[in-house]
Undergrad: 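The structure follows.
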Number of protein chains: 2
Amino acid sequence: MLLAEASEKIRAGLRERALIIVVGLMGVAYEGRAASTLGPGERLLIIKQDGSILVHRPLGYEPVNWQPPGSKIDVYLVDDYMVVEARRISPQEILRIIFHEIYEVYLFKLSDSAELAMYATEEDMKRAILADPSIIEEGFRPIEDERKVGESGFIDIFGVDGEGNLVVVEIKRRNATAADVKQLINYVDGIERELGKRPRAIIAAPGIQKSAVKDLKVYGVEFKCLTPKKCREVLRKKGGLERFID
Amino acid sequence: MLLAEASEKIRAGLRERALIIVVGLMGVAYEGRAASTLGPGERLLIIKQDGSILVHRPLGYEPVNWQPPGSKIDVYLVDDYMVVEARRISPQEILRIIFHEIYEVYLFKLSDSAELAMYATEEDMKRAILADPSIIEEGFRPIEDERKVGESGFIDIFGVDGEGNLVVVEIKRRNATAADVKQLINYVDGIERELGKRPRAIIAAPGIQKSAVKDLKVYGVEFKCLTPKKCREVLRKKGGLERFID
DNA sequence: CCTTCCGTTAGGCTC
DNA sequence: GAGCCTAGCGGAAGG
């Protein structure tokens, strides 16, 4: 495909706010927060209506270079090359794609209004615990969620156990780290200062980093294994129940 | 395009290990570490030779769903749909794309052997300081890089200043945080325990978070503004010099 | 606007 | 293989 012809088609796509797919032989230069160069190779360029731009190599999940939505995109011919330039300000960044050859340019006007439904985020894990507190332990009763503690931040779930002891629960959807344990200790300290009584501290996560295990004993924190998957099942069961009751 | 025809073309692409681009009306279901569903919409599907797979909506820099390299990809017809399935084990995950309509399928055999050259990573900033220590301060002399400190971790650069004082330098390519300052203090404490002498602590970064500024005074840490860009220039000059000497 | 925190983080490195 | 850290992280939520 001739570069002049291709550049016209790309400009048309930009005007029409189409999704633009370009396949060809291109080099890439990026300068901004960091800087990178990539010599010529056969790649896939995607330009979206919102100004996002992605350069994909034949291998790998991630784009090799990109620019997020809102970038200003220009196309021009210089010597025997076609250049696509994507600029953004704040941070000042420029991505320049230099085409040596263009194999194909495709334009699409796509419509997609569906909403992504994502399950078992950390938020969902909290909802699962509130829906069925026994997954933390038998007799656990939540009192508050997102309780503020001094300057430290927010407790995921604050409650009482079967014996009437205060309990602070910290939720993580990934393995808990030493930093997580320390944050939880901050909360416990804050509550102790506030209410004059030291609560139990429970970290609920799918696992815990080995390096953090010793901190559990040192600081008297309890670990409760709780996976996102388990929470998904709890929410599903609860969802099913609600549907049945309605 | 007929679904049967499309599925044959995609299978051919998989056999030939081609880059496959599919545009059409599709729904998406993902289940693995988390789970998500997305109703039908017009999207772009990319399947790469290495088994990476990406679903892109008309807007946004990020794929809405994906699977990293190494996924096992299957295509089959069921009722009036074509399904593309990408599975991986460890973690067990499945991505299922259900096509209602297919507008286009494109196959490409791309060759790309260029090497990405990235400048001014944190590693490069360290190299720049080692190449020209005066960018930290006049008279600074590095002794060691990546020096281990007890259990705390590794010092980026350990050296002495013009007066013969020990200096610990911590490098960040982004604004320094309070956590960075505290980590640096850990190192300084470690060195003091080890060598019986408290070194100066310098954090070299393009900036520092407002909330961390007070910690500088509290803990006696010095801040030296050093941008990736500046380091890039130092390395370029040094590269030029080396080229001249050789 | 800046800061903090989560992510199907991914990817790379070490043990 | 698992654990741990970095990233042009991106993105969202909160101040």
Side-chain angles (χ1 to χ4, degrees), chain A residues 28-36 52 54-55 60-71 86 88 90-95 116 118-126 146 148 151-154 156 171-180 183 206-213 228-229 232, chain B residues 28-38 52-55 60-71 86 88-95 116 118-124 146 153-154 171-180 183 206-213 228-229 232:
Chain A
V28 188
Y30 155 77
E31 177 134 14
R33 286 167 293 179
S36 72
S52 346
L54 305 160
V55 179
Y61 145 83
E62 284 185 314
V64 64
N65 283 106
W66 70 90
Q67 207 70 280
S71 310
R88 66 193 289 219
S90 177
Q92 175 100 12
E93 291 192 299
I94 182 162
L95 177 64
L116 180 71
M118 170 86 78
Y119 307 106
T121 58
E122 194 175 291
E123 178 64 26
D124 290 322
M125 293 179 72
K126 189 167 72 184
E146 299 292 311
K148 196 172 190 323
E151 297 299 303
S152 312
F154 291 84
D156 287 330
I171 306 165
K172 291 292 161 190
R173 79 178 306 289
R174 34 110 184 132
N175 286 4
T177 66
D180 298 330
Q183 187 186 30
I208 180 155
Q209 291 186 357
K210 251 180 218 159
S211 53
V213 171
K229 190 161 195 155
R232 237 180 286 155
Chain B
V28 188
Y30 156 77
E31 177 132 15
R33 285 163 294 179
S36 72
T37 58
L38 179 61
S52 346
I53 184 165
L54 306 159
V55 180
Y61 145 83
E62 285 184 314
V64 64
N65 284 105
W66 70 91
Q67 204 74 272
S71 310
R88 66 194 287 220
I89 16 184
S90 174
Q92 176 103 9
E93 290 192 299
I94 182 163
L95 177 63
L116 180 71
M118 170 87 78
Y119 306 105
T121 57
E122 194 174 291
E123 179 63 25
D124 289 323
E146 298 293 309
F154 292 82
I171 307 165
K172 291 292 162 190
R173 79 178 307 291
R174 35 109 183 133
N175 286 3
T177 67
D180 297 329
Q183 187 186 33
I208 181 155
Q209 291 187 356
K210 255 180 217 160
S211 55
V213 171
K229 190 162 193 155
R232 239 178 284 156

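Everything numeric in this text was worked out from a predicted model, so none of it was measured. Each chain gets a letter, A, B and so on, in the order the sequences are listed, and its residues count up from 1.
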Undergrad: Please enumerate all residues that pass side-chain contact (heavy atoms from CB on, under 4.5 Å) together with Asp180(A), with sequence neighbours excluded.
TA: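 Residues passing side-chain contact (heavy atoms from CB on, under 4.5 Å) with Asp180(A): Lys172(A), Arg174(A), Ala176(A), Thr177(A), Ile203(A).
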Undergrad: Specify the separation, in whole Å, of atom CG of Asp180(A) and atom C1' of dT4(C).
TA: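 Interatomic distance, CG of Asp180(A) to C1' of dT4(C): 14 Å.
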Undergrad: With sequence neighbours left out, what residues match Glu122(A) under salt bridge (Lys or Arg N to Asp or Glu O under 4.0 Å)?
TA: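 Partners of Glu122(A) under the salt bridge (Lys or Arg N to Asp or Glu O under 4.0 Å) test: none.
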Undergrad: Expressed in angstrom and rounded to an integer, what is the separation of Ile208(B) atom CD1 from dC2(C) atom P?
TA: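 Interatomic distance, CD1 of Ile208(B) to P of dC2(C): 16 Å.
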Undergrad: Expressed in angstrom and rounded to an integer, what is the separation of Lys172(A) atom NZ from dT9(C) atom P?
TA: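 Computing the Lys172(A):NZ to dT9(C):P distance gives 13 Å.
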Undergrad: Are Lys210(A) and dC15(C) close enough that a side-chain N or O sits under 4.0 Å from OP1 or OP2?
TA: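 Negative; the distance criterion is not met.
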Undergrad: Whole-Å distance between dT4(C) P and Asp156(A) CG?
TA: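 For the pair Asp156(A) CG and dT4(C) P, the rounded distance is 18 Å.
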Undergrad: Hey, is the side chain of Thr121(A) poking within less than 4.0 Å of OP1 or OP2 on dC6(C), counting only N and O atoms?
TA: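 Checking dC6(C) against Thr121(A), no side-chain N or O comes under 4.0 Å of OP1 or OP2.
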Undergrad: Taking the nucleotide of DNA chain D with the nearest heavy atom to each, does Asn65(A) or Ala212(A) sit closer to the 5' end?
TA: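 Taking each residue's closest nucleotide, the earlier one in sequence belongs to Ala212(A).
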Undergrad: Roughly how many Å is it from CD in Glu122(A) to P in dC5(C), rounded to a whole number?
TA: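 Going from CD in Glu122(A) over to P in dC5(C) covers 11 Å.
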Undergrad: Can you name the side chain to side chain donor-acceptor pair (under 3.5 Å) partners of Ser71(B), sequence neighbours left out?
TA: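 Side chain to side chain donor-acceptor pair (under 3.5 Å) check on Ser71(B) returns nothing, list empty.
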Undergrad: Contact class for Thr177(A) vs. all strands (heavy atom < 4.0 Å): base, sugar-phosphate, or nothing?
TA: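 Result for Thr177(A) = nothing.
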Undergrad: Are the side chain of Arg88(A) and the backbone N or O of Ile94(A) linked by a donor-acceptor pair below 3.5 Å?
TA: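 Checking the backbone N and O of Ile94(A) against the side chain of Arg88(A), no donor-acceptor pair under 3.5 Å is found.
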Undergrad: If the condition is side chain to side chain donor-acceptor pair (under 3.5 Å), which residues does Arg232(A) pass it with, not counting sequence neighbours?
TA: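 Only Glu31(B) meet the side chain to side chain donor-acceptor pair (under 3.5 Å) criterion with Arg232(A).
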Undergrad: Does Asn175(B) or Tyr30(B) map to a spot on DNA chain C nearer the 5' end, using the closest nucleotide for each?
TA: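 With Asn175(B) and Tyr30(B) compared, the 5'-side residue is Asn175(B).
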Undergrad: Can you tell me how far P of dG8(D) sits from CZ of Arg232(B), to the nearest Å?
TA: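 Those two atoms, CZ and P, are 12 Å apart.
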Undergrad: Do nucleotides 9-15 of chain D as a string where each nucleotide becomes B, S or -: B if the base has a protein heavy atom under 4.0 Å, S if just the sugar-phosphate does, - if no protein is that close.
TA: SSS----
Undergrad: Between dT4(C) and dT8(C), how many Å separate the two P atoms, rounded to a whole number?
TA: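 Their P atoms lie roughly 22 Å apart.
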Undergrad: Taking only residues two or more places apart in sequence or in another chain, which ones pass ring pair (Phe, Tyr, Trp, His ring centres under 6.0 Å) with Tyr61(B)?
TA: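 Tyr61(B): ring pair (Phe, Tyr, Trp, His ring centres under 6.0 Å) contacts with Trp66(A).
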Undergrad: Please report, rounded to the nearest Å, how far the P atom of dG11(C) is from the CD atom of Gln67(B).
TA: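 One finds 12 Å between P of dG11(C) and CD of Gln67(B), rounded.
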Undergrad: If only atom types and distance count, is the side chain of Glu93(B) paired as donor or acceptor with the main-chain N or O of Arg33(B) below 3.5 Å?
TA: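 Answer holds: yes.
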Undergrad: Please determine if a side-chain N or O atom of Gln209(A) lies less than 4.0 Å away from the OP1 or OP2 oxygen of dC4(D).
TA: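 Looking at the OP1 and OP2 atoms of dC4(D), one of them is under 4.0 Å from a side-chain N or O of Gln209(A).
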